[in-house]
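Here the structure comes first, spelled out in structure tokens, and everything after it is commentary.
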Amino acid sequence: MPAIEIENVGVRYGAFVAVSDVTVLVPAGKMIALLGPNGSGKTTILKVLSGLIKPSEGSVRVLEGKISEARGKIAYVPQREEVYWDYPLTVWDLVAMGRVRAVGPFRWVDRKDPIVRMAVEVVGMAELSDRRISDLSGGQQQRAFLARAIAQGGEIYLLDEPIAGLDAAAEAKLFIVLDFLRTSGKTIVMSTHDISTTLELFDYVLLLRNKPIAFGSPKSVLTSTNLAKAYGTERVAMHLEDVKGVAGWA
Amino acid sequence: MIEILQGPLQYEFMRLALVTAIVVGVTCSVLSSFIVLKGWSLLGDAISHSVLPGIAVALTFGFPFFWGALFTAVASSALIGLVESKSRVRNDTAIGIVFTGAFALGLVIISKTRPAVDIFHVLFGNVLGVTFQDLLVTAISGSVILVAIGLGLKEIVAYTFDPTFSRVIGLPIRLIHYSLMVLLSLAIVAALQTAGIILVISLLVTPGATAQLFAKTIERTILVSLVVGIASVTVGLYLSYYLAVSSGGAIALVATVVFFAAFLCKGLKKRVGR
Ligand SMILES: Nc1ncnc2c1ncn2[C@@H]1O[C@H](COP(=O)(O)OP(=O)(O)OP(=O)(O)O)[C@@H](O)[C@H]1O
Ligand SMILES: [Mg+2]
């Protein structure tokens, strides 16, 4: 079953073409990386998939229907800097926010809501559930966000640069959760700047520079020719040799 | 002590003033938590200044100032939103343009029509002059605000913390946004007689800001904010009675003192904790 069908999608901001000619089919239960230089359209594509912006051209279908029909099933995890972390919330409160829609108006999310508890446990934060969100590390904040998406009952997870600023250990913890989600049939789309071994964890990579440069398995996409086309510099392509060595592709 | 507390209450106007001030304190404190967290302090200040033309027109034509003030408050918040979204002007600039314009308009109208009302009271409040009718209007406005926040609390928290997320999961964020604007306008108008156009923002910002220094959850933020708000209006009102000073001024001053006291306490606690 295709989870995401993007056909000839283009997005213009006024006269400026942010992305164009994107055609991508993603089956459910896969993990896709959006890769490309700054301003290449990664966030734009995530926003289209989440329904935050309408494409100027082309069509998008999510879970074999319109985005508006999949509202509760699409979980958007914004960049960490987008929210005010000093907001007085505990980890539990943040995760419970994922249940706001399901619980419906004029009612509270139960203090012992089993789905919230499950989500907190899945990301390994049961011990921290009473901690104020301002006192979390970057990696913990990212996992708390992910727990909120899980509590929401998301089928499609859209993550904007979730590993930016995380150290290797925090990154690994995040990928454990993502891998668990993938195994349970969820589809994950995330943008990243990290041209390194993390990419081998993905099923697909979409390399962008305001239009697709390549789409396919990490190995087929990450060639020096493609990277040079995307980044327009030899240095990124040279770095690739190290990546391949570590990933065992060389 | 009891003497001091009871003394002023033998007068009808003081009893009315105290009840009105407490109603205002409760209403503003609850809303205050969200105003501070959403970063709407400047917006609140702007809306309160913008009610002057509404009051001026109401006084000139002799209809209740409540409606004049409420109309201009809502209109100015809508206008700020419009300027901000339809141009490249930043939020704080849009606020600066609209509120000075509205305030100036009010001033011009008042200077022309010269209504028989003390402009000093309009600007800085005169809670000692409230009538039972005024108290009723304030209480109704306050109840509307509290009920609305109570019913929509989890949605308001979600929206003020993460509007993008709220939109993606399909919450009616426009409705929430504009409702908050209307509630803010209503709170400002309800508090006008207590604190006046210039000082009302003190009640809408300081209690929430004080609470934010300590509270870990939103429920506790609201609670601490309530305590600060009620304490400020009560102590302020007594001070204004005994020292014969402006009630709005005394209330705002007490709120500010409470904030800095809390601020210092927190600083000391951190030192000791280390
Ligand atoms: N609201 C907007 N109005 C006008 N142009 C925009 C807007 N949002 C994005 N753009 C432009 O669209 C292009 C794609 O932006 P996008 O945010 O999708 O890039 P990105 O790949 O996420 O970049 P980064 O790696 O820096 O996050 C950029 O050139 C950007 O300047
Ligand atoms: Mg981006």
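Labels below follow one simple rule: chain letters A, B, ... track the order of the sequence lines, proteins then strands, and each chain is numbered from 1.
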Take atom CD in A:Glu7; do more than 12 heavy atoms of anything else shown fall under 6.0 Å from it?
-> no
Taking the side chain as C-beta and beyond, is there a heavy-atom pair between A:Val100 and B:Phe165 under 4.5 Å?
-> no
When heavy-atom pairs shorter than 4.5 Å are enumerated against chain B, which of A:Pro105, A:Gly51, A:Gly154 gives the highest number?
-> A:Pro105
Would you name the heavy atoms of A:Pro88 and B:Ala215 that are closest together and state the gap between them?
-> CB-O, 3.9 Å
Crowding at CZ, A:Phe175 (>12 non-hydrogen neighbours, <6.0 Å) | yes
Note: vs chain A, highest number of non-hydrogen pairs under 4.5 angstrom among B:Gly39, B:Ala158, B:Gly152 is B:Ala158
Given A:Tyr87 and B:Ile218, is the side chain to side chain contact (heavy atoms under 4.5 Å, CB included) satisfied, shown in steps?
-> CA-CA 8 Å; A:Tyr87 202 107; B:Ile218 192 73; 3.9 Å; yes
Between A:Gln152, A:Lys73, A:Arg148, which shows the greatest number of heavy-atom pairs under 4.5 Å with chain B?
-> A:Arg148
Using a cut-off of 6.0 Å, state whether more than 12 heavy atoms not belonging to B:Phe214 lie near its atom CZ.
-> yes
Please look at B:Ser166 and chain A and tell me whether the side chain, the backbone, both or neither of the residue comes under 4.5 angstrom of a heavy atom of that chain.
-> neither
Measure distances from A:Ile133 to the heavy atoms of chain B and classify the residue's part below 4.5 Å as side chain, backbone, both or neither.
-> side chain
Check B:Lys216 against A:Thr90 and note the closest heavy-atom contact, atom names and distance.
-> CE-CG2, 3.8 Å
Could you give the distance from CG (A:Asp86) to CD (B:Gln212), rounded to the nearest 0.5 Å?
-> 6.5 Å
Taking all atoms of both residues into account, what is the closest heavy-atom pair of A:Arg71 and B:Val168, and its distance?
-> CD-O, 3.4 Å
So what's closer than 4.5 Å to chain B heavy atoms on A:Asp135: side chain, backbone, both or neither?
-> neither
Heavy-atom distances under 4.5 Å only: say whether B:Tyr159 touches chain A with side chain, backbone, both or neither.
-> neither
Top contributor to chain A interface from B:Leu171, B:Val157, B:Thr221 [non-hydrogen pairs under 4.5 Å] = B:Val157
On a heavy-atom basis, the closest approach of A:Phe106 and B:Lys154 is N-NZ, 4.1 Å
Side chains of B:Phe161 and A:Asp93: does their closest heavy-atom pair fall under 4.5 Å?
-> no
The interface call for A:Leu158 against chain B, heavy-atom contacts under 4.5 Å, is neither
Does atom OH of B:Tyr178 have more than 12 heavy-atom neighbours, drawn from other residues, nucleotides or ligands, at distances under 6.0 Å?
-> no
Side-chain heavy atoms of B:Leu153 within contact of A:Trp108, under 4.5 Å = yes
Atom pair OG1 (B:Thr164) and NZ (A:Lys47), whose distance is rounded to the nearest 0.5 Å | 7.0 Å
